[in-house]
There are 2 protein chains.
Amino acid sequence: MAYHASNSPADDTRERLLHAAGHEFARVGFAAASVRSICEAADANVSAVKYHYGSKESLYLAVWAAAAEQMVSAEPMPRLEQFEDPKDALRAFVAWFMRLVLTESKIHPWAGRLLAHETVSPTPGALDMFVKHCAGPVTQEISRIVKAIVRRPMKAKTHDDLVFAVVALCVNPKHSCEILTKLGHPPPDSRAGINRMARVMAEFAISGLTGFTGEEGD
Amino acid sequence: MAYHASNSPADDTRERLLHAAGHEFARVGFAAASVRSICEAADANVSAVKYHYGSKESLYLAVWAAAAEQMVSAEPMPRLEQFEDPKDALRAFVAWFMRLVLTESKIHPWAGRLLAHETVSPTPGALDMFVKHCAGPVTQEISRIVKAIVRRPMKAKTHDDLVFAVVALCVNPKHSCEILTKLGHPPPDSRAGINRMARVMAEFAISGLTGFTGEEGD
DNA sequence: GGATGGTTCAAACGGGCGCTTGACTCCAGC
DNA sequence: GCTGGAGTCAAGCGCCCGTTTGAACCATCC
């Protein structure tokens, strides 16, 4: 029962916990993160997790909910209908997507790495939440854009492959961040750098889609 | 109680440990895997790890060494010089790469997931080993093929982006396996299915590279 | 002033972890 | 038959984990 307009000290602790947890879960994943280190970072007692969120897992899901909320509210997803040329739609979409995935701002600092960890070590609730609210809508929109660009009729499986190829181009820099860095090609982190890379990926995808002739062999 | 067959009982245990460890490390990653569960799966005593490999970490590196060895020895990497048309080199390379990444055979069952875990939660030694012996040579060869296909002069950064775009197309199905499955588009596991997808990715990449005109804005 | 209820705290619980120990079996070489 | 080293084993070490507990704190209301 927090009737105060300003934050009560309890709300403060709750929020500090959420922030520290987001940081830690994003850094090392759910299993490797420890409640103790989160509480230490949040300057809170260990039992505060139990009190405010119930359990480590509930805290994790709260972090996911916050991250998903931030992702969709930060910048609206471009839609095919907003553009005359579907190629422009793809350009805008790729730029939006890569900003979403790569930007490490105050707005959505964790989503990218949370997802990367979840991809490799799924947690029952979190991945379902992500697929339903984020991955689903994103791939659906890319699917429509790809269809509008390619135009030629195409097997469903091939179409899906191309859709996920576009997704791959956008998420790979984040996904393979460590390897790319070790290979001397770290992903961009400035907005300008991200937009530059997005332009490259978009043009590569556009000419890849318009020139695609890969179904003879089937 | 194992009577001596061709191998000594010690070699047997050593090998069973390596196999069980590969399976477990690939499944859950280094940190989440436990020596106890590995030994249980290998039907060996906990102290066998210390006796045969020295430590959990040394066992992990032994698994990596075995996986890397299997990866390079399974099927030789196609090289640009073996083809008249660099496009054919890319076709062969993508097919080889995707078979390598996606195949869950007796030959190299763990490498893909080991790498996925390592990508997101790096272990000092293992990722370095992988980058030096696997990722480095692979990206270097793709770089040469891409250069041969594009021909136009191009900024180094843009060129690298395109190289890693090709890599992204090949590794994404493995990398995002869980999400793709939840979205109703599981990666192929049969050789025929992998080759089909590889053909799609290769043609997409080829027309993407030949038609690429993405440097005006710079 | 005293009771109430939300919030924080140090301490401890049970359990799993990687690793170590020391006794045990087994077998080849003498 | 004895010995010594290779290999195995159950037991236990200290540590960190997520969680629980019960008391203390403190603003609020009677």
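Note that these values count all heavy atoms, side chains included, but never hydrogens, waters or copies made by symmetry. Throughout, a chain's letter reflects where its sequence line sits, starting with A, and its residues are numbered from 1.
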Under the salt bridge (Lys or Arg N to Asp or Glu O under 4.0 Å) definition, can you give me all pairs with a residue in residues 68-79 of chain A, not counting sequence neighbours?
A:E75-A:R99, A:R79-A:E141
Non-neighbouring partners of B:E57 that pass side-chain contact (heavy atoms from CB on, under 4.5 Å), sequence neighbours left out:
B:F30, B:S55
Listing request: all salt bridge (Lys or Arg N to Asp or Glu O under 4.0 Å) pairs with a residue in residues 120-133 of chain A, at least two apart in sequence or in separate chains.
A:D128-B:K182
Show me the donor-acceptor pairs, under 3.5 Å and distance only, between side chains in residues 36-44 of chain A and residues at least two apart or in other chains.
residue, atom, partner, partner atom, Å
A:S37, OG, A:S34, O, 2.9
A:S37, OG, A:S34, OG, 3.2

I'd like to know if B:R113 and B:E24 make a salt bridge, using a cut-off of under 4.0 Å between side-chain N and carboxylate O.
no
Of the options B:W110, B:Y53, B:F25, which is the one that meets B:Y60 in a ring-ring contact (aromatic ring centres under 6.0 Å, His included)?
B:F25
Minimum heavy-atom distance A:S143-A:H159, with the two atoms named
OG-NE2, 2.8 Å
Nearest whole Å is fine: how far is D:dG7 P from B:Y51 OH?
4 Å
Ignoring hydrogens, what is the shortest heavy-atom contact between B:A205 and B:V166? Give both atom names and the distance.
CB-CG2, 4.5 Å
Quick one: which protein N/O atoms are closer than 3.5 Å to N/O atoms of nucleotides 20-23 of chain C? Pair and distance per line, please.
residue, atom, partner, partner atom, Å
C:dT20, OP2, B:K50, NZ, 3.2

Separation of B:K56 atom NZ from C:dG16 atom C1', in whole Å?
12 Å
Do any of residues 26-41 of chain B sit with a heavy atom less than 4.0 Å from DNA chain C, and if so which?
B:A33, B:S34, B:V35, B:R36
Quick check on C:dG6: is either OP1 or OP2 less than 4.0 Å from any side-chain nitrogen or oxygen of A:H52?
no
What integer distance in Å separates B:D43:CG from D:dG7:P?
17 Å
Round to a whole Å and report the spacing from CD of B:E57 to C1' of C:dC19.
14 Å
d(CG, B:L59; C1', C:dC17) in whole Å:
15 Å
